[in-house]
Number of protein chains: 2
Amino acid sequence: MPTIDDIARLAQVAPSTLSKVLNHRPHVSRETRARVEQVIAATGFVPSQRARRLIAGRSFILGLLIPYTSDQLFTDPHLLEIMRGIEAEANEREYNLLLSTARTSLDAASALVRLLRSDVIDGAIVVETHDVRPFAETLQQRPAPWVVIGYAPPGMVPSVHADDFGGALAATRHLLDLGHRRLGVISSLPRPFALDERLRGINAALAEAGLRLDEHLVATGDFSPASGERAAHCLLDQPDPPTAIFALNDRMAAGALRAAASRGLRIPEDLSVVGFDDIALASLLLPPLTTVRQSGYRLGRTAASIFFQCLDGQAPETPAIIPTELVARGSSGPAPPRRCAERGFPRAP
Amino acid sequence: MPTIDDIARLAQVAPSTLSKVLNHRPHVSRETRARVEQVIAATGFVPSQRARRLIAGRSFILGLLIPYTSDQLFTDPHLLEIMRGIEAEANEREYNLLLSTARTSLDAASALVRLLRSDVIDGAIVVETHDVRPFAETLQQRPAPWVVIGYAPPGMVPSVHADDFGGALAATRHLLDLGHRRLGVISSLPRPFALDERLRGINAALAEAGLRLDEHLVATGDFSPASGERAAHCLLDQPDPPTAIFALNDRMAAGALRAAASRGLRIPEDLSVVGFDDIALASLLLPPLTTVRQSGYRLGRTAASIFFQCLDGQAPETPAIIPTELVARGSSGPAPPRRCAERGFPRAP
DNA sequence: CTACGATGCCTACCATTGACGATATTGCGC
DNA sequence: GCGCAATATCGTCAATGGTAGGCATCGTAG
């Protein structure tokens, strides 16, 4: 409620002098500064952001856009971690965070344009798991700094994503080290870029071992546990079924565990299952799920950092890649001996 | 970038006339209005919220405060649902949502005061599972409309909470109907108000059946799965162990399932387990967890609705209670026959 | 011809900032 | 020691973009 004029009158200076003190700018004598600071402290005065924003031509607000249906890749807990990361970085720059969710990616894009047009936000961070090109096109109506958490065509927009390739590579190597040679994969259709990368990682690891991914052993789901269960049954019904299943997200991996249980398969003795994401659920399953962890916090924090670089007129080297980490738990173990023997591979210890 | 002046010049009217059209106010002829609206549509002009906020003396921004460590009661997915609910309601009022997280409740309170002082937000919704009194005290420095999602002393601040009492009542009745007479409970210390209510519900249901809660059968955890596992072992180590365990949140229930598995107990044949919250995990456990569902979306939406009532100067009847719903899944079943027979109760079908 | 209503323009205002100008103080040279 | 100039300090004023109320103008009707 109190304005700069009120406080200025109290401190017996002009509003502009008060402003100088508030912004730590020179041309104020030490005594005046001290007196004014005392009054500010006593009244707890904080200048109105409304007026400050008007004059600054900026809003000091960073938009966070979440098209929440796209798919379940970015499961909820992950998103909250991302938010925390963004907020941590934004706080340091005295920026606030504005949340905007939308049903579809296109809704999100037009919401973003509207927020930019009306000067509510200075730019945005967009969580997107699919193609960002329609998004970028809509945004050309009102260019502004924005950063994608996800995959984007090079040069289109700064982006941050997890090291999906490396994570899948590590997980596949882990299974290979355990003696598995026949690997089933549960992917999805349509396939977000992140899953392409994970598949690339799998293929790279297999190639290292002189193997190739049998296309009959790639089943598809829709990220849901139920679809993972169906896909796992599909894989296990094959004439020469896999000894390990790599589900490209944890929720489908949970479904795979359930499929195995319903068939009386022991895990990991009869079948190894590996997931991706390390959602909270992963460590709670029976057995606890071996999976690939990605840090939402770092993802968010890095995205915000890049955003502010853009705001400062810099052009950061674009795809920042956040490392992932293999978390080996109880759901993965040595390949079943018979199968190994059949193929003449040594059994892992 | 274009201002109301630019657009006014384009439409060949004065800025003030354009403003009238924008705000659907009278004293503009139909033809002028049509012409101006056409120009607005053609240019896609949206008035600057910055200037509008300054003149309106409001920010049209609703703060959402989340002290994220308090405990794990409000698990992450739940929070996202709450946000979606708040946003849905806020959108209708053309309000934006500002996110602020804080490590502790006190941090959150001072952050809120700062946001209010600097006119960034018009008020806030606070997600709090513990005592809101310190919060309310800090907030007296700068009174503003705020709403708590959680429990608050009557008359202190408008609040919304789930029907914890009714949910626990229904879940306990469910177990009693299945023939269980010896009920173990996994609670927590310190105990948020929601858990008090859940315990009240349990006691009420037991009282209906002429029973009382054996205090030796109340174990404590800290909301984490690991603590639930420990607590379940504790309960099952008793001389006369329970036939059913009601964990007051799903994550501890997951731990209880694990404890049962490690003891070779079959679920639900040997032991029934019931949780609370219906987090995504619940339906994925083996067996799927019987639990009590609460709708985060409705919680958020109702909180926002109450907030806007406060903003409009109304004083809504304060604790709004969102219904909960028992979701019976595979983890609860008839009480083991022997135990029932011992006590002379008929076996459930 | 006057009066009234409808329409649309003019201007003050919101809280803060920053450029610029005014005032006072200080230092230096004569 | 006095006067002039330079500089430090502080106040005045315009500007930011949009809104609202007062006021002028125009047309029409009595």
Side-chain angles (χ1 to χ4, degrees), chain A residues 1-40 43-61 94 114-122 142, chain B residues 1-40 43-61 94 114-122 142:
Chain A
M1 194 75 181
T3 74
I4 203 175
D5 289 333
D6 303 330
I7 307 300
R9 212 171 306 124
L10 261 177
Q12 297 178 306
V13 292
S16 61
T17 306
L18 185 51
S19 171
K20 280 175 198 159
V21 174
L22 282 169
N23 297 297
H24 305 100
R25 299 192 325 157
H27 305 298
V28 179
S29 68
R30 189 174 304 170
E31 309 91 65
T32 308
R33 190 178 293 273
R35 187 175 78 243
V36 171
E37 275 173 347
Q38 196 177 338
V39 175
I40 291 172
T43 55
F45 173 74
V46 180
S48 162
Q49 290 295 327
R50 283 202 276 270
R52 174 180 270 207
R53 281 165 183 173
L54 180 61
I55 198 99
R58 290 200 288 169
S59 64
F60 299 99
I61 295 183
E94 295 190 46
R114 211 187 150 71
L115 286 172
L116 288 170
R117 274 231 167 83
S118 60
D119 282 334
V120 174
I121 59 177
D122 291 340
R142 185 44 169 96
Chain B
M1 194 75 182
T3 75
I4 204 174
D5 291 333
D6 303 329
I7 307 299
R9 212 172 306 124
L10 262 178
Q12 296 178 308
V13 291
S16 57
T17 306
L18 185 51
S19 171
K20 278 179 197 159
V21 174
L22 281 169
N23 296 293
H24 306 102
R25 301 192 319 159
H27 305 297
V28 179
S29 70
R30 190 174 303 170
E31 309 90 66
T32 308
R33 190 179 293 273
R35 187 177 78 242
V36 171
E37 275 172 348
Q38 197 178 337
V39 175
I40 291 172
T43 55
F45 173 73
V46 181
S48 162
Q49 290 294 326
R50 284 202 276 270
R52 176 177 264 196
R53 283 166 183 168
L54 181 60
I55 193 101
R58 291 200 287 169
S59 66
F60 301 100
I61 295 183
E94 296 190 46
R114 211 186 150 71
L115 286 172
L116 288 170
R117 272 228 168 87
S118 60
D119 282 334
V120 175
I121 60 176
D122 291 340
R142 182 61 167 80

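What you see is a predicted model; the values in this text were computed from it and never measured. A note on names: the letters A, B, ... follow the listed sequences, proteins ahead of strands, and every chain is numbered from 1.
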**Request:** Quick one: list whatever passes salt bridge (charged side-chain N to carboxylate O under 4.0 Å, His left out) with B:Arg114, sequence neighbours left out.
**Result:** none
**Message:** Please report the end-to-end axis angle for the helix from C:dC1-D:dG30 to C:dC30-D:dG1, five pairs per end, rounded to 10 degrees.
**Reply:** 60°
**Prompt:** Residues in side chain to side chain donor-acceptor pair (under 3.5 Å) with A:Ser29, at least two apart?
**Reply:** A:Thr32
**Request:** Sequence neighbours left out, what passes side chain to side chain donor-acceptor pair (under 3.5 Å) with A:Ser19? Give chain and number order.
**Result:** A:Asn23
**Any side-chain heavy-atom pair of B:Phe60 and A:Val120 under 4.5 Å** = no
**Message:** Can you identify which nucleotide, out of D:dG17, D:dG18, C:dT16, has its nearest atom closest to the A:Pro47 side chain?
**Reply:** C:dT16
**Request:** Output all residues satisfying side-chain contact (heavy atoms from CB on, under 4.5 Å) with B:Glu37, sequence neighbours left out; order by chain, then residue number.
**Result:** B:Val21, B:Arg33
**Request:** For C:dG8, take OP1 and OP2 only and decide whether either is under 4.0 Å from a side-chain N or O of B:Ser16.
**Result:** no
**Message:** What is the separation between atom CZ on A:Arg58 and atom P on C:dT16, rounded to the nearest whole Å?
**Reply:** 18 Å
**Prompt:** Who pairs with A:Arg9 by side chain to side chain donor-acceptor pair (under 3.5 Å), at least two apart in sequence or on another chain?
**Reply:** none
**Message:** How many whole angstroms separate atom CZ of B:Phe60 from atom P of D:dG17?
**Reply:** 19 Å
**Request:** Taking only the side-chain heavy atoms of B:Ile55 (C-beta and beyond), determine which of D:dA15, C:dC9, D:dG17 contains the nearest atom.
**Result:** D:dG17
**Prompt:** What's the CG-P distance between B:Asp119 and C:dT16, to the nearest Å?
**Reply:** 8 Å
**Distance, rounded to the nearest Å, where B:Arg50 contributes CZ and D:dT19 contributes P** = 14 Å
**Prompt:** For A:Gln49 and B:Val13, take the nucleotide of DNA chain C holding the closest heavy atom to each; which residue's nucleotide lies nearer the 5' end?
**Reply:** B:Val13
**Message:** Check the phosphate of C:dT17 against A:Arg52, side-chain N and O only, distance under 4.0 Å to OP1 or OP2. Yes or no?
**Reply:** yes
**Atom-to-atom span, CD of A:Gln12 to C1' of D:dT9 - whole angstrom** = 17 Å
**Message:** Using whole Å, what does the distance between atom P of nucleotide C:dC14 and atom CG of A:Asp6 come to?
**Reply:** 11 Å
**Item:** Partner residues of A:Arg50 under the salt bridge (charged side-chain N to carboxylate O under 4.0 Å, His left out) criterion, sequence neighbours left out
**Value:** B:Asp119
**Request:** Report yes if at least one side-chain N or O of B:Ser48 is closer than 4.0 Å to OP1 or OP2 of D:dG18; otherwise report no.
**Result:** no
**Prompt:** For DNA chain D, which residues in residues 18-40 of chain B have a heavy atom at a distance below 4.0 Å?
**Reply:** B:Ser19, B:Asn23, B:Arg25
**Asked** Once you round it to whole Å, what is the distance between C1' of C:dC9 and CZ of B:Arg9?
**Response** 15 Å
**Prompt:** Which whole-number value in Å describes the distance from B:Leu54 CG to C:dT16 P?
**Reply:** 9 Å
**Prompt:** By side-chain contact (heavy atoms from CB on, under 4.5 Å), which residues pair with A:Leu10, not counting sequence neighbours?
**Reply:** A:Val39, A:Thr43
**Asked** Side chains of B:Ile4 and B:Pro47: does their closest heavy-atom pair fall under 4.5 Å?
**Response** no
